[in-house]
Every structure is written in C-alpha cells, then in structure tokens.
Amino acid sequence: MKLRVALLTLLCLALLAVPAVAGNLYDNGPINGTVDAWTINFGYVVSDSFTLSSNNATATSIEFGAWLFPGDTLSTVEASVTSQPNSGQIFFDQVLNTTQSGCATNQGGFDVCTINIVVNWSFGSHGTYWLNLQNAVAGGDPAFWDENSGIGCTSLGCPSQAYDSVVGTIPSEAFSISGTTTPEPSSVMLFGSGILGLAGMLRRKW
C-alpha cells in the first residue's frame, strides 16, 4: 500500500512539475539588408505567415530586420496576429515599444537594423497565423521591413507567404518569433506511466 501511494505521488509530481521549453517558435531566416524592404508605416501594412508546430505555445519576443533613414530610431510599431493577411480573426493587436541594435549602412544608404519587440501572446493551437506590422514610428520618416525571401529559414512552414496591403503578394521578410512551449498532457501522462512502470519493475525485482 505504501508503495502504491508513493508511486501515485511520483505521478502527481510529474504532472505538476512540467517545465516550459524555451526556444524559437518560428524562424523565417536572417536579415538580408541588400535586396529590398517594404514600408510598414504611412498606411502600409506588411503581413507574413508563420506556422506553430505545437499547441500551448507562448510568444515572448519578435525580432525582425528594418531599413531606416540614417540616424533614425524605430521607437514603436503596431504588431498584430490574424488568421488571414491583415484580416480574418484578430488574435492580438498591440502598439509595442521596440529596441534596435546591430545597425549597418547598406549600399542604398539605409541603416539596416535588428528590431526586437517584447510580447506575451499565448496560442492554444498549432497551425498557421499571420504577423502584421504597421504604424511604425521612426522620427517621422518611412520605416521598412527587410525582404529576405525566407532564405536560410529553419522552421516548419517556411518560407513565409507575404502580402503588402497595396501591392499584394510579395517575397517574405526577415523575422523570428521566440517563446516557450509546454508539453501536451498526453506526453506527460506517458512520462508518468513510464515512472510507474519502472517502479513496478523495481518492486518485482526486490
């Protein structure tokens, strides 16, 4: 009886102490900085698809490449997640502060920078979503999302599909989404069952 209680306790602990796994939820490849970029302010919206391979994912940050006029700082951007390109069901829509780093001047005289925004977006289901960027604030000047066509992407569903609100279909842009995933309950139960099975074997052995 005592052994049975101990085994049930182990199973409960296994169910309660499941850590979230941190890492890239989606990666559409590194910044290119030399081909083209698409306006994400002054009424323009750029939308890129991304695929989540796991349920119970939480996005904590988004990193993307931006082209800016020399000396400009991109201070905020409106980021949303929808079921279609800038349309359909709206899951999230926020104006977010940004940080920029690693700026380098390209052949066109633009500063090409890495932009990071912090989010807290929880997705219950896996599947394909759309990230939309618009209303970027960069000192009153245009701001642009770097086009990389998904070259070097590493995630399920890449390269992204992409749309510009005026042009229509365009090559996809440089961005990645980081966050955490939590194992499915069924996986945890299998883990717990393994613990019980192992303990049962030990009991028979002794």
Side-chain angles (χ1 to χ4, degrees), residues 14-32 37-40 44-66 76-98 114-136 145-192:
L15 291 171
L16 292 173
V18 180
V21 179
N24 263 351
L25 301 180
Y26 185 83
D27 180 8
N28 200 54
I31 296 171
N32 181 293
W38 296 86
T39 310
I40 53 172
Y44 293 89
V45 186
V46 178
S47 307
D48 275 55
S49 67
F50 65 94
T51 299
L52 297 178
S53 58
S54 301
N55 296 331
N56 304 314
T58 298
T60 55
S61 67
I62 298 171
E63 187 175 279
F64 66 95
T76 62
V77 66
E78 181 179 354
S80 61
V81 175
T82 52
S83 60
Q84 300 295 328
N86 196 35
S87 62
Q89 183 177 354
I90 300 172
F91 299 100
F92 309 99
D93 190 347
Q94 295 176 279
V95 175
L96 298 162
N97 295 325
T98 70
T114 299
I115 307 296
N116 186 271
I117 54 179
V118 175
V119 299
N120 184 19
W121 295 342
S122 294
F123 299 85
S125 302
H126 67 280
T128 298
Y129 301 84
W130 290 83
L131 172 65
N132 315 285
L133 297 183
Q134 61 184 313
N135 294 326
W145 191 356
D146 175 62
E147 176 190 310
N148 72 345
S149 299
I151 295 172
C153 70
T154 60
S155 297
L156 177 69
C158 78
S160 297
Q161 299 179 60
Y163 290 85
D164 176 272
S165 57
V166 174
V167 176
T169 301
I170 60 173
S172 63
E173 281 59 59
F175 74 102
S176 63
I177 302 174
S178 298
T180 61
T181 56
T182 303
E184 297 290 329
S186 58
S187 301
V188 178
M189 287 298 294
L190 286 173
F191 175 69

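In this chain, numbering begins with 1 at the start of the sequence shown.
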Taking [X] for the side chain and [Y] for the main chain, is one N or O donor matched with an acceptor at less than 3.5 Å?
| X | Y | value |
| --- | --- | --- |
| Ser165 | Val45 | yes |
| Ser172 | Gly150 | yes |
| Ser49 | Gln161 | yes |
| Ser160 | Cys158 | no |
| Trp145 | Val46 | no |

Can you sort out the partners of Tyr26 under ring pair (Phe, Tyr, Trp, His ring centres under 6.0 Å), two or more places apart, ordered by chain and number?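 Tyr26 satisfies ring pair (Phe, Tyr, Trp, His ring centres under 6.0 Å) with Phe175 once adjacent residues are dropped.
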Indicate the atoms forming the closest heavy-atom contact of [X] with [Y], along with that distance.
| X | Y | result |
| --- | --- | --- |
| Leu156 | Thr51 | O-CB, 3.4 Å |
| Pro171 | Ala162 | O-CB, 3.6 Å |
| Leu52 | Ala57 | CD1-CB, 4.4 Å |

Rounded to the nearest 0.5 Å, what separates atom [atom1] in [X] from atom [atom2] in [Y]?
| X | Y | atom1 | atom2 | value |
| --- | --- | --- | --- | --- |
| Glu78 | Leu133 | CD | CG | 9.5 Å |
| Ile90 | Gln84 | CD1 | CD | 12.5 Å |
| Asn28 | Glu173 | CG | CD | 8.0 Å |
| Thr154 | Asp27 | OG1 | CG | 4.0 Å |
| Glu147 | Asp48 | CD | CG | 10.0 Å |
| Ser80 | Leu131 | OG | CG | 7.0 Å |

Below 4.5 Å, heavy atoms only, C-beta onward: do [X] and [Y] meet side chain to side chain?
| X | Y | value |
| --- | --- | --- |
| Tyr129 | Phe92 | no |
| Thr181 | Leu25 | yes |
| Ile170 | Trp38 | yes |
| Ile62 | Trp121 | yes |
| Asn32 | Ile151 | no |
| Ser53 | His126 | no |
| Thr82 | Asn132 | yes |

Any luck finding a side-chain donor-acceptor pair between [X] and [Y] under 3.5 Å?
| X | Y | result |
| --- | --- | --- |
| Ser122 | Thr58 | yes |
| Asn116 | Thr98 | no |
| Ser125 | Asn55 | no |

Is the number of heavy atoms from other residues, nucleotides or ligands under 6.0 Å of Tyr44 OH greater than 12? no
So for atom CG, which belongs to Leu96, do other residues, nucleotides or ligands contribute more than 12 heavy atoms lying within a distance under 6.0 Å?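 Enclosed: over 12 neighbouring heavy atoms sit under 6.0 Å from CG of Leu96.
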Would you check, one step at a time, whether the test side chain to side chain contact (heavy atoms under 4.5 Å, CB included) holds for Val77 with Ile117? CA-CA 9 Å; Val77 66; Ile117 54 179; 4.0 Å; yes
Can you tell me which residue among Asn86, Ile40, Val95 is in a side-chain contact (heavy atoms from CB on, under 4.5 Å) with Gln134?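 With Gln134 as partner, side-chain contact (heavy atoms from CB on, under 4.5 Å) holds for just one option, Asn86.
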Among all residues two or more places apart in sequence or in another chain, which pass the side chain to side chain donor-acceptor pair (under 3.5 Å) test with Asn24?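 Result, side chain to side chain donor-acceptor pair (under 3.5 Å) vs Asn24: Ser178.
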Dump the intermediate steps for side chain to side chain contact (heavy atoms under 4.5 Å, CB included) on Val81 and Phe50, then the final yes or no. CA-CA 10 Å; Val81 175; Phe50 65 94; 4.0 Å; yes
I'd like to know whether the aromatic ring centres of Trp130 and Tyr163 sit less than 6.0 Å apart in this structure. yes
